[in-house]
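Just so it is clear, the values below take in all heavy atoms, side chains as well, and ignore hydrogens, waters and symmetry mates. Please read these numbers as outputs of a predicted model, since none were measured by experiment.
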Amino acid sequence: MAGKVTDVARIGEHDRIRRLLTAELDGIADRLHRDADAPIAGVAGGNFLDLAQGLEHQEQEHLVASRLMEQAKRIQVALTRVNNGEYGVCSECGAPIPAKRLLAVPDATTCVTCQGQLEHVGAAVRTRADDGVEGEDA
């Protein structure tokens, strides 16, 4: 009996998480559509400063859209993890991801410890790559 109650609670929690992630994904889609429908500032004509500001504005809009699309991809992964029963479990070590972390970063796939290790390794790889590039220029 206790196992059934736990299963029902887990299913209810997964439904709640699924609804929250879906709402966040819908919000991103709405924002992307709204931004896409906004008129594009003209960069033709005008003086150099007007042209530069117009191009900068377009670049910022592109960057925002790119970041929103990346966030949407991460949320899609989180939704897949919910559906597979993997949500809230670290993809690196298999430990539970703390609820506070999931509340702050709903699309988190790793615990804080593993994320820190991944970032450390990534930083080391970038540093080595940068050193290699600089070494080639010399």
Which value, rounded to the nearest 0.5 Å, describes the distance between [X] atom [atom1] and [Y] atom [atom2]?
| X | Y | atom1 | atom2 | value |
| --- | --- | --- | --- | --- |
| Leu25 | Leu79 | CG | CG | 6.5 Å |
| Arg81 | Ile17 | CZ | CD1 | 11.5 Å |
| Arg19 | Arg16 | CZ | CZ | 8.0 Å |
| Gln71 | Arg31 | CD | CZ | 9.0 Å |

The criterion is side-chain contact (heavy atoms from CB on, under 4.5 Å); which residues satisfy it with [X], sequence neighbours excluded?
| X | value |
| --- | --- |
| Thr113 | Cys111, Gln117 |
| Leu32 | Ile28, Ala65, Leu68, Met69 |
| Arg126 | Ala123 |

Output side-chain donor-acceptor pairs under 3.5 Å for residues 85-100, partner residues at least two apart or in another chain, one line each.
residue: Tyr87; atom: OH; partner: Pro106; partner atom: O; Å: 2.6
residue: Ser91; atom: OG; partner: Thr109; partner atom: O; Å: 3.1

task: Only counting residues at least two apart or in another chain, list the ones meeting salt bridge (Lys or Arg N to Asp or Glu O under 4.0 Å) with Glu70.
output: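 For Glu70 the salt bridge (Lys or Arg N to Asp or Glu O under 4.0 Å) partners, ignoring immediate neighbours, are Lys73.
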Who are the side chain to side chain donor-acceptor pair (under 3.5 Å) partners of [X], not counting sequence neighbours?
| X | result |
| --- | --- |
| Gln53 | none |
| Gln115 | Thr110, Glu119 |
| Asn83 | Arg18 |
| Arg74 | Asp107 |

query: If you group Ile, Leu, Val, Met, Phe, Trp and Tyr whenever their side-chain heavy atoms sit less than 4.5 Å apart, what else falls in with Val121?
result: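 Val125, listed by chain and number.
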query: For the side chain of Ser66 and the backbone of His62, is there at least one donor-acceptor N/O pair under 3.5 Å apart?
result: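 Flag not set: sc Ser66 to bb His62 has no pair under 3.5 Å.
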- prompt: Among the clusters formed by ILVMFWY side chains lying less than 4.5 Å apart, do Val105 and Val82 turn up in the same one?
  reply: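 Val105 does not cluster with Val82.
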- request: Treat each ILVMFWY residue as a node, draw an edge where side-chain heavy atoms are under 4.5 Å apart, and state whether Leu21 and Leu102 are in one component.
  value: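 Yes; Leu102 is reachable from Leu21 via cluster members.
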query: In this structure, are over 12 heavy atoms from other groups packed under 6.0 Å from Glu59 atom CD?
result: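 Counting other residues, nucleotides and ligands, CD of Glu59 stays at 12 neighbours or fewer.
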